[in-house]
There are 2 protein chains.
Amino acid sequence: MKYKNYTISDIKEMLTQQGIKPSIQRMKILEYIVKNRNHPTVDMIYNAIKFEIPTLSKTTVYNTLKELVKKGILIELLIDENVIRYDMNISPHVHFKCKICGKIYDYDMNCEIFEKKEIDGNRIEKYNVYLFGICKECLKKGDGRHGN
Amino acid sequence: MKYKNYTISDIKEMLTQQGIKPSIQRMKILEYIVKNRNHPTVDMIYNAIKFEIPTLSKTTVYNTLKELVKKGILIELLIDENVIRYDMNISPHVHFKCKICGKIYDYDMNCEIFEKKEIDGNRIEKYNVYLFGICKECLKKGDGRHGN
DNA sequence: TATATAGTTGTAATAATTATAAACTTGAAA
DNA sequence: TTTCAAGTTTATAATTATTACAACTATATA
């Protein structure tokens, strides 16, 4: 899946367009996510940015991410049992997680089920699709044998 | 979605077939899940069963669920941000969660994407599909208006 | 400059889950 | 029946992600 290259002014605009004041903390947090596209946890973001903003508080990371999710810029990935990961909100968009190395891959997947707006009378507003298995690199290393 | 009616000896057999000794704790835990089909959390299970087994420890509930997931009898639902829910492993099987009342519905959903065994060279072993929106009952109550 | 508002920070509180070790059960062997 | 070992359950403590909160800081406007 190919990603758009975001400049710093793209990032600023994403924030202001949603009515979020582009503070240095918020810009760095969002920049980290759009530049890396590595489905980071709060800790990953915090540890990556604290060198640039030494006073950064983890609470700010939590607050910012919650705000960005609410505005629809980011989505939460509930793909790990014990921690929330974050990604750009680019839909429709599915995630594959390797059970060996833990890496998460993004894929476009257009399918008629994503077009459905209701099921059994319930109104569908959002789909989360997670795939699990063994990624191509781990298959190559281990040949996918021995219970891999 | 229609559920099978499980008897107590069905439950015992599910455990023994997987090489799990059918202790009273394990049988009651599994029975609660198969009889209720309400996607319970650890706390829901613990609180429901502790009257029948007053010495029950929450650790036993955690241990048992972990074991049943490993054996493939149950699946974990990562549909809430802060707690793991459990359900029978009946596939293919998707979950809808209402953002108003929180209720989770089960649906069969056969779709050609669930047949895919690989994507971009990655071997797919499992799909988790979560739908979010407003359920039919909440739509009826609120007419689905006012930002519902 | 003064002041109000929004944003950030550090600490403490909460809550789910896991680790650990002791106590208990069970069933087979002596 | 007694003994013993393996497996199971229990209670407590530890860990960890997340949230609550109150003090502090920066910013924008009058």
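Worth saying up front: this structure is predicted, and the values here are computed from it rather than measured.
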Does the distance from a Lys or Arg side-chain N to an Asp or Glu carboxylate O, for B:Glu125 and B:Lys117, drop under 4.0 Å?
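The answer is no: the pair does not qualify as a salt bridge.
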Electrostatic pair A:Lys28-A:Glu52, nearest N-O below 4.0 angstrom:
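Looking at A:Lys28 and A:Glu52, the cut-off is met.
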Both conditions, 6.0 Å and 45 degrees, for the charged tip of B:Lys4 above the ring of B:Tyr6: are they met here?
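Verdict for B:Tyr6: a cation-pi partner in B:Lys4.
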Taking atom [atom2] of [N] as reference, at what distance in whole Å does atom [atom1] of [X] sit?
| X | N | atom1 | atom2 | answer |
| --- | --- | --- | --- | --- |
| B:Leu15 | D:dT8 | CG | C1' | 14 Å |
| A:Asp43 | D:dT15 | CG | C1' | 13 Å |
| A:Asp80 | D:dT16 | CG | P | 15 Å |
| A:Tyr46 | C:dT8 | OH | P | 15 Å |
| B:Arg85 | C:dT17 | CZ | C1' | 16 Å |
| B:Ile45 | C:dT17 | CD1 | C1' | 14 Å |
| B:Asn47 | C:dA15 | CG | P | 14 Å |
| B:Ile53 | D:dT8 | CD1 | P | 15 Å |

Testing the 3.5 Å rule here: is there a donor-acceptor pair between the side chains of [X] and [Y]?
| X | Y | answer |
| --- | --- | --- |
| A:His95 | A:Asn128 | no |
| B:Tyr105 | A:Asp120 | no |
| B:Asp108 | B:His93 | no |
| A:Tyr86 | A:Asn38 | no |

Within the structure, does a side-chain N or O atom of B:Ser23 lie under 4.0 Å from either OP1 or OP2 of C:dT25?
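For C:dT25, OP1/OP2 do not have a side-chain N/O of B:Ser23 under 4.0 Å.
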Is the phosphate of D:dT18, meaning OP1 or OP2, less than 4.0 Å from a side-chain N or O of A:Tyr62?
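Indeed, a polar side-chain atom of A:Tyr62 lies that close.
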Remember a base hit wins even if backbone is also touched, and classify B:Thr41 as base, sugar-phosphate or nothing at under 4.0 Å, heavy atoms.
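Nothing, no heavy atom under 4.0 Å.
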Contact class for A:Asn82 (heavy atom, under 4.0 Å): base, sugar-phosphate, or nothing?
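Sugar-phosphate: the residue A:Asn82, judged by heavy atoms under 4.0 Å, touches backbone atoms but no base.
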Between B:Asn63 and B:Thr60 (side chain of the first, backbone of the second, donor and acceptor by atom type, cut-off under 3.5 Å), is there such a pair?
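No; judged by distance alone, with no hydrogens or angles, the pair does not exist.
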Heavy atoms within less than 4.0 Å of DNA chain D: which residues of residues 63-78 of chain A have one? Give them sorted by number.
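Within residues 63-78 of chain A, the residues near DNA chain D are A:Lys66.
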Could you run through nucleotides 23-30 of chain D and give me one letter per nucleotide, 5' to 3': B if any protein heavy atom sits under 4.0 Å from the base, S if only the sugar-phosphate is that close, - if neither?
--------
On DNA chain D, does the nearest nucleotide to B:Glu81 precede the nearest nucleotide to B:Gln25 from the 5' side, or the other way round? Give the residue.
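Its nearest nucleotide lies further toward 5', so the answer is B:Gln25.
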Contact nearer the 5' end of DNA chain D, comparing A:Lys58 with B:Thr60
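The residue mapped nearer the 5' terminus is B:Thr60.
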Using the 3.5 Å cut-off, write out each protein N or O paired with an N or O of nucleotides 12-14 of chain D and the distance between them.
residue : atom : partner : partner atom : Å
D:dT12  : O4   : B:Thr59 : OG1          : 3.4

